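Below is one structure, written out as C-alpha cells; the observations come after it.
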Amino acid sequence: MYPNHIVFLLFTLLVYVFPSPAISNYLIGVGSYDSTGPAAGVNMMGYANLDQSTAGIHFRLRARAFIVAESSEGPRIAFVNLDAGMASQLVTIKVLERLSKRFGNLYTEDNVAISGTHTHAGPGGYMQYVIYSVTSLGFIPQSFDAIVTAIEMSIVQAHQNLKSGSIFINTGDLDNAGVNRSPSAYLFNPPDERSRYPRDVDTLMTLLKFVDGTSQKSIGAFNWFATHGTSMSKDNTLISGDNKGAAARFFEDWFTSTATNSTTFDAQDDINVLKEKAAAIKATGGQPCGKTTSQGFKVRKNADGSKFVGAFCQSNVGDVSPNVLGAFCTDTGLPCDFNHSSCHGDDQLCIGRGPGYPDEIKSTKIIAERQFLKAVELFTSAKQQLTGKIDYRHVYLNFTNIKVSLAGGRSGMTCPAALGPGFAAGTTDGPGAFGFQQGDTKINEFWKLVRDHLKKPSDYQVDCQKPKPVLLSTGEMFFPYAWAPAIVPIQILRIGKLVILSVPGEFTTMSGRRLRESVKQTLISNSGGEFDNDTHIVIAGLTNTYSQYIATPEEYKQQRYEAASTLYGPHTLLAYIQEFNKLAESIAKGHKIVNKGPSPPDLSSVQLKLLPDPFGESPPPGIEFGDMKDDVSIPKSGFFSKGDKPSAAFWSPNPRYDLLSEGTYAVVEMLQGKRWVAAYDDDDFSLIFKWNVYNDSSYGLATLEWEVPDTVSNGVYRFRHFGSSKKTIGSAIEYFTGASSAFTVS
Ligand SMILES: *[C@@H]1O[C@H](CO)[C@@H](O)[C@H](O)[C@H]1NC(C)=O
Ligand SMILES: *[C@@H]1O[C@H](CO)[C@@H](O)[C@H](O)[C@H]1NC(C)=O
Ligand SMILES: *[C@@H]1O[C@H](CO)[C@@H](O)[C@H](O)[C@H]1NC(C)=O
Ligand SMILES: *[C@@H]1O[C@H](CO)[C@@H](O)[C@H](O)[C@H]1NC(C)=O
Ligand SMILES: *[C@@H]1O[C@H](CO)[C@@H](O)[C@H](O)[C@H]1NC(C)=O
C-alpha cells in the first residue's frame, strides 16, 4: 500500500467514527462464516483445468450475509455474497431446507439470494449438473457441506444480530479494475448504443453502508462491481477469494484494525477447543455447533464483540477481465489476434496480464486494493439514506422454450442449452484445450464425430442455436444425469430505491446495461412516483443457480467464448429482459406473482462421486505429525525484514480430516512478554499455508510461508501449524500442533 493511501485511510477513519445520526428505519443484521472447504487434492471450480487441484490456502473463503426487514413482522430479504465460483442450484435447495427447519417460512427461495463472487480458486464439486463437475470427478460432499453450512451460518448470525438501523447508498466510478476481454464482440453492438457509454466495460460501483441505530457505528458494507475473479491463473493451486475476497479481507481488517484484539496464545487450550468442537459436531449429527474457536487463533472482532462484515459482490461480469494490461502472445510478446484472441491460430498462447504481471498474487492484491480503496471512499462519504418498502419477487423459468417478441411483429424462441466451440477455446484469462478458437463458427469432422458419439444434437437444436454451431448439446444430454440446467430462477429484491436483479449467470457488459435500463423504465412507468430516475438498479451476478453466459444477440453473431457459452440461443437476453420486466411490473404495481414456474430438480441422490476421501495415515517412523521437517532458515544478517519470506515445513497429514472451519492451519505468533500471541493466520494475505504429498506417501508436508508485511511490528516471531489426522478411515480424529524456532523481524 502506498503512503498517501495510509494518510487517506487514517483521515477517513476519523470521519466514520463521527457520522451524523440517522433515523433508523429498518431492522438490519450482518453475518459471515468460513466456507473454505477441502485444501488438498480437490479440483478447483472455474477454469475446468484437470491439473488444478487444491494444495493449500492463500486466504480463506467466506459467506457474508446481510438481512434487511421492514419490521419484525414485515417483509424481509437476505442477501449472501459467497466466495465461490458461482451459486449452485443444489446448494440453494439445501440451504433453503435448513433455513426452513430453523425459521419456518421467514427465509425462502423468494427472499433469499445467494450470489457467487466468481473466484476461480475455490474447491469444486458442489454443483449438480454434469458439465460443472466433469473435472472434479463428480460431486464432492466435503466442498458442498462447507459451502452450505457457511451460507446457513452467515444467515443465522445476521438473523440473530437484527437490530434497528439505517442503510446508506453511494455510487462511484472505478476505472482501472477491469477491461473487456472480448472487445471485438462488443463492437458488434450498434454504434449509436455504444456511443452512449464512455467505455466497453461498466465502471460503476454501488455500495451499501449499514449503520447500527443505537451506537451509530457501521456494522457492514456490501458493494457491487463487475470484474472477473481471474487474477489468480489456471495454474494456481492455493485456495483464494481472488481479487474480491482479498478486497473484503482488506476492508474488514481496515475497519477492525483499531479494535482487533488478539487473545493470548496457549497451545493446550487450542487442542482442547478443537476436540470440543469435533465432539460437538458429532453430537449434533454433523451440524455446526455454533461454538467458534476463541483462544489462540486470531479472532477478527471489534472491541465490543461485534463483527464488521465487508463484502465485494459480483455484477454483469461476463466479458470483464481483471487482467487490465491486455492479452499478449507468450511466444512473441505481441498483442493477440483481435477477433479470435489467439496467436497464429493457437489459443493457448494468448494470455491476459494483470497489473502485477508476471506475479499473479501481486495482481490479485492490486486489483483488490483498487476495489477496496474505492469502497472506503464510497463508504466514508455515503450520505443518501435508503427509505421505502422492502419487497421481492421470484419465479422459475423453463428456458428450453420461452417465446419472445422480436422487432417487426415477429417472434422467436429460446432453445435447449448448448455450447459452441468458442466455449472449448476458453478465454484470455484461461485458454482451453483441443485447438478450438474463440469466434469459431464451424466444427471440423473429427470433433463432429466425437460430439455425435456423446450426443448428436437434434435438427431443431441445430437450427434454433444458429449462428452458434453446436459442439455440446448439453440441454439434450441426460446421461448419467442432466448436463445443464433447463429451469433457472430470476429474482428481484427491493430496498426502497435500490433494486437488485438476481441473475443466474454472467451477463456481458452490454447485456447488463440493456437489462438494467429496461427494468428501470418498467418500474418508473408502472408506479405512481415510487420509482424515478434516482432509482438504483444493481445486477447481482451468478446468483441462486448457474447457467453460464448471457451475450447480446449482436455479440452472439461473433461466437466468442461468452456467446458460445450463452446456453439458450440468440434470444437468451431478450427472454431475460421480457421476464424480468414482468417481475418489475408486479413490484411497481404491488401485484403478487401468480405463476411461480416449475421447480428445478434436486439431483443429490444421483450424483457420481469418484474422488475418494483420504483413508487414514500415520507419520513416517520416528516422527510425529507437527514435527519440523525444515526449520526457519535465518539469513546471514540474523533477522528478517519487510518483504522477506521466512518459511518452515512440518510433517503433516492430509488437511481434509478436519477443515478447521473458523480456525486455521497456520499461525505466525509474536512473543509478547513470556507469551506467544497469534499475529497472522491463514486468512491473512501475507501468510500462505501449502500442503503437498511427500514422496508419494499418504502423509505430506505443510509449508508455512510468510511475506513479512509493511505494517509488521519489530519483534520475535515463530510459525505454528495446526492439523488433524486419522489412522484409518474409521478411527477417531486426533489433533496436533507444532511450532518452529523463533526468529527476529527488524
Ligand atoms: C484484549 O483482550 C484482553 C483479554 O480479554 C483484555 O484484557 C484487553 O482489555 C483487550 N484489549 C482491548 C484493546 O480491547
Ligand atoms: C474482425 O472481424 C471483423 C468482421 O467480423 C472485420 O471487419 C475486422 O476487420 C476484423 N479485424 C481484424 C483485426 O482482423
Ligand atoms: C421444459 O420445457 C421442455 C420443452 O417444452 C419440456 O420438455 C420439459 O419437460 C420442461 N421441463 C419442466 C421441468 O417443466
Ligand atoms: C437520469 O440519471 C442519469 C444518471 O443516473 C442522468 O445521466 C440522466 O440525465 C437522468 N435523466 C433525467 C431525465 O433526469
Ligand atoms: C523419500 O524418497 C527418497 C527417494 O526415493 C528416499 O531416499 C527417502 O528416504 C524418502 N524419505 C522418506 C521420509 O520416506
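Counting starts at 1 for both ligands and their atoms, in listed order. In this text the structure is predicted, and so the values were computed from the model without any measurement.
Comparing L397, N398, T400 against atom 14 (O) of ligand 3, the shortest heavy-atom distance belongs to N398.
Checking side-chain atoms of T400 against main-chain N and O of A486 turns up no donor-acceptor pair under 3.5 Å.
Salt-bridge check for R194 with E554: failed, with every basic side-chain N at 4.0 Å or more from each acidic carboxylate O. D202 and R516 are joined by a salt bridge, as a carboxylate oxygen and a charged side-chain nitrogen come within less than 4.0 angstrom of each other.
Nearest to atom 13 (C) of ligand 2 among the protein's heavy atoms is F338 CB, 4.0 Å. Looking from atom 5 (O) of ligand 2 to the surrounding protein, the closest heavy atom is F188 CZ, 3.6 Å. For atom 3 (C) of ligand 2, the closest non-hydrogen atom on the protein side is N339 ND2, 3.6 Å.
The aromatic rings of F144 and F139 lie tilted to each other, with the angle between the two planes from 30° to 60°. Relative orientation of the W224 and F79 rings is perpendicular, given thresholds of 30° and 60° on the angle between their planes.
Looking at N401 next to ligand 3, an N or O pair under 3.5 Å apart turns up.
Protein non-hydrogen atoms do not reach within 4.0 Å of atom 9 (O) of ligand 2.
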